[in-house]
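Right, one structure below, let's go through it.
In what follows, chains are A, B, ... by sequence order, proteins preceding strands, each numbered from 1. Just so it is clear, the model here is predicted, and its values are computed rather than measured. Only heavy atoms go into these numbers, but all of them, side chains included; no hydrogens, no water, no symmetry mates.
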Protein chains: 2
Amino acid sequence: MTFDVIKPIRVFLSEDKQLFVALKNIFGYYPGNIFLYKLAFRHKSQAIELNNGSRMSNERLEYLGDAILSAVVADHLFKMFPYKDEGFLTEMRSRIVSRAQLNKLSQKMGIDTLINANTENNNVYRSMKGDAFEALIGAIYLDKGYNFTRRIIIEKIIKQHFDLQELENNDTNYKSRIIEWSQREKRPVEFVIVNEVGHGYNKQYVVDVLVDKISLGKGRDYSIKGAEQDAAMKALLLIDAETGLK
Amino acid sequence: MTFDVIKPIRVFLSEDKQLFVALKNIFGYYPGNIFLYKLAFRHKSQAIELNNGSRMSNERLEYLGDAILSAVVADHLFKMFPYKDEGFLTEMRSRIVSRAQLNKLSQKMGIDTLINANTENNNVYRSMKGDAFEALIGAIYLDKGYNFTRRIIIEKIIKQHFDLQELENNDTNYKSRIIEWSQREKRPVEFVIVNEVGHGYNKQYVVDVLVDKISLGKGRDYSIKGAEQDAAMKALLLIDAETGLK
């Protein structure tokens, strides 16, 4: 009996058969340690409380996956663009691993349907999708190691879902876009920090974007820059919807 | 003739003998592709201009090494602190890979002496040390792969130069420290963005920290938060020197 035969039998007998099959369909391999993957999909609203008081959800895996994803993307871009400087590489990477991209990707790949959350009406919120995506990378890394994870990220994610050429020409700096729009339309735009939530390493900023003194969206992030981007993105959605501007 | 014997002979015959030996002394192995390591030590003041107009220095390797170092440290902390949350892990990582730490480490390990720079009086500036350190990690990664690099970072860097327990108790958030001091001493402190240098992905912020309306230090970074930290650190040095406060 070969390895390839044993795996499907184990999968067929497992109570996590559905998850095994879903992951095989998405990435083309059967997970080894299925518990890691189950944890990757466990939103904090479904955290398990351990005896020592700590809570287990996908947040730690998300932290790990974020770092691994960044490293692999850095490596890939380094090799794909041998004559581009580090500023270019940094910007390209931030476009690939941006929150908005990861949320979209999570949905496109069907990862979001596997999320285990306990929210009102079982809603899966936008940011939960990207979080689960990153946590899944963390799970793959712990299960299969760096080189395997690298191959999955490059072959199954970057090559299939990103056009690096297009990304290079694409301006995803929402704040610049809204400022350009405001200058073109002669409508004053302001970014105002309206709140700081939490403290220490959990501190987040809340930024409000005002057009003609009217709030068009609030953003929140660990950095002011990130909160501004988030707010600008929301405002642009409203502006785009209202004016058909693209 | 074994592998272990061939290597020293090749080293002995190489014109880069000194670098081979220095690296063997620091990390315990002989580099494979010595050109990667030479590039890692090449500061941009000694960049080589290629026919296509692009310039080769250690900046791209620094970008890569930074990402690999972050991933390895994330992995190591994830496993060392199984019950700590992602906020804790993020903060611990930022303490290990902070600019100040990497500059110090570079000096402690003798990496800074290998830097090839063309500066006034051949000065090796502080930040060049940390940059070369990160670039070196990038070179090791390209030369030897992830798992080897991971072992070097954990065994030769983290375990030998960091006390995780001490790091956990150490408060390196300079901005918080100066704010606490200002409240204790009832001396008002302000952080003011005084300049923005460059544009696009090269944009940096310059932040001035004022105590009693007098500037105690300017900081510069790609993020406002980073520039504030940098400025706060400089101000604290002055305050510490003046008051003996620790």
Side-chain angles (χ1 to χ4, degrees), chain A residues 44 50 52-75 77-79 81-95 131 135 138 141-142 145-147 149-150 171 173 176 198-203 205 222-226 228, chain B residues 44 50 52-75 77-79 81-95 135 138 141-142 145-147 149-150 171 173 176 193 198-203 205 222-226 228:
Chain A
K44 63 171 178 261
L50 302 182
N52 65 7
S54 65
R55 297 169 60 80
M56 279 178 76
S57 71
N58 66 0
E59 291 187 306
R60 279 167 45 90
L61 280 176
E62 181 198 337
Y63 150 85
L64 179 61
D66 169 75
I68 301 302
L69 183 64
S70 278
V72 170
V73 173
D75 171 8
L77 294 174
F78 184 94
K79 288 164 184 162
F81 297 99
Y83 299 115
K84 294 286 193 176
D85 69 22
E86 71 295 345
F88 172 89
L89 299 174
T90 302
E91 174 69 17
M92 279 291 279
R93 181 175 53 174
S94 74
R95 288 179 186 189
D131 293 350
Y141 174 76
L142 291 177
Y146 181 81
N147 293 323
T149 309
R150 179 168 174 273
D171 192 355
N173 186 335
S176 319
H199 50 85
Y201 50 67
N202 275 319
K203 182 161 146 186
Y205 297 90
Y222 294 100
S223 74
I224 295 173
K225 213 169 171 177
E228 286 176 346
Chain B
K44 62 171 179 265
L50 302 182
N52 66 7
S54 65
R55 296 169 61 79
M56 278 177 77
S57 70
N58 66 1
E59 290 187 305
R60 279 167 45 89
L61 281 176
E62 182 197 336
Y63 150 85
L64 179 61
D66 170 76
I68 301 301
L69 183 63
S70 278
V72 170
V73 173
D75 171 6
L77 293 174
F78 185 94
K79 288 164 184 163
F81 297 99
Y83 300 115
K84 293 287 191 174
D85 69 22
E86 71 295 347
F88 172 88
L89 299 175
T90 302
E91 173 70 18
M92 279 292 278
R93 181 175 52 174
S94 74
R95 289 179 186 190
Y141 174 76
L142 292 177
Y146 181 81
N147 293 325
T149 309
R150 178 168 175 271
D171 191 355
N173 185 334
S176 317
I193 303 172
H199 49 86
Y201 49 68
N202 275 319
K203 181 160 142 186
Y205 297 90
Y222 294 100
S223 73
I224 294 172
K225 214 168 171 177
E228 286 176 345

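Relative orientation of the Tyr141(A) and Tyr146(B) rings is perpendicular, given thresholds of 30° and 60° on the angle between their planes.
Between chain A and the options Asn147(B), Leu142(B), Leu69(B), heavy-atom pairs under 4.5 Å are most frequent for Leu142(B). Among Arg93(B), Glu62(B), Lys225(B), the residue with the largest count of heavy-atom pairs under 4.5 Å with chain A is Arg93(B). The candidate with the highest count of non-hydrogen atom pairs below 4.5 Å against chain A, out of Ile224(B), Asp75(B), Ile68(B), Val73(B), is Asp75(B). Per-residue heavy-atom pair counts under 4.5 Å with chain A were compared for Asp66(B), Leu64(B), Leu50(B), and the maximum is reached by Leu64(B). When each of Lys79(B), Lys84(B), Arg150(B) is checked for heavy-atom pairs under 4.5 Å with chain A, Lys84(B) comes out on top.
Glu86(A) is not listed as a side-chain neighbour of Asn58(B), based on a closest heavy-atom distance of 4.5 Å or more. With contacts defined as side-chain heavy-atom distances shorter than 4.5 Å, the pair Glu59(B)/Leu89(A) does not qualify.
Glu228(B) is linked by a side chain to side chain donor-acceptor pair (under 3.5 Å) to Lys175(B), counting only residues two or more places apart in sequence or in another chain. The side chain to side chain donor-acceptor pair (under 3.5 Å) test applied to Tyr205(A) returns no partner, not counting sequence neighbours.
Among all heavy-atom pairs drawn from Arg60(A) and Pro82(B), the shortest one is CZ-O, 3.3 Å. Heavy atoms only, all atoms of each residue included: Tyr63(A) and Thr90(B) are closest at CD1-OG1, 3.6 Å. Across all their heavy atoms, Ala74(A) and Ala67(B) have their closest contact at CB-CB, 3.6 Å. Ser54(A) and Tyr83(B) make their closest contact through OG-CD2, 3.5 Å (heavy atoms, listed as atom of the first residue, atom of the second, distance).
The distance from the NZ atom of Lys44(A) to the CG atom of Asp85(B) is 11.0 Å, given to the nearest 0.5 Å.
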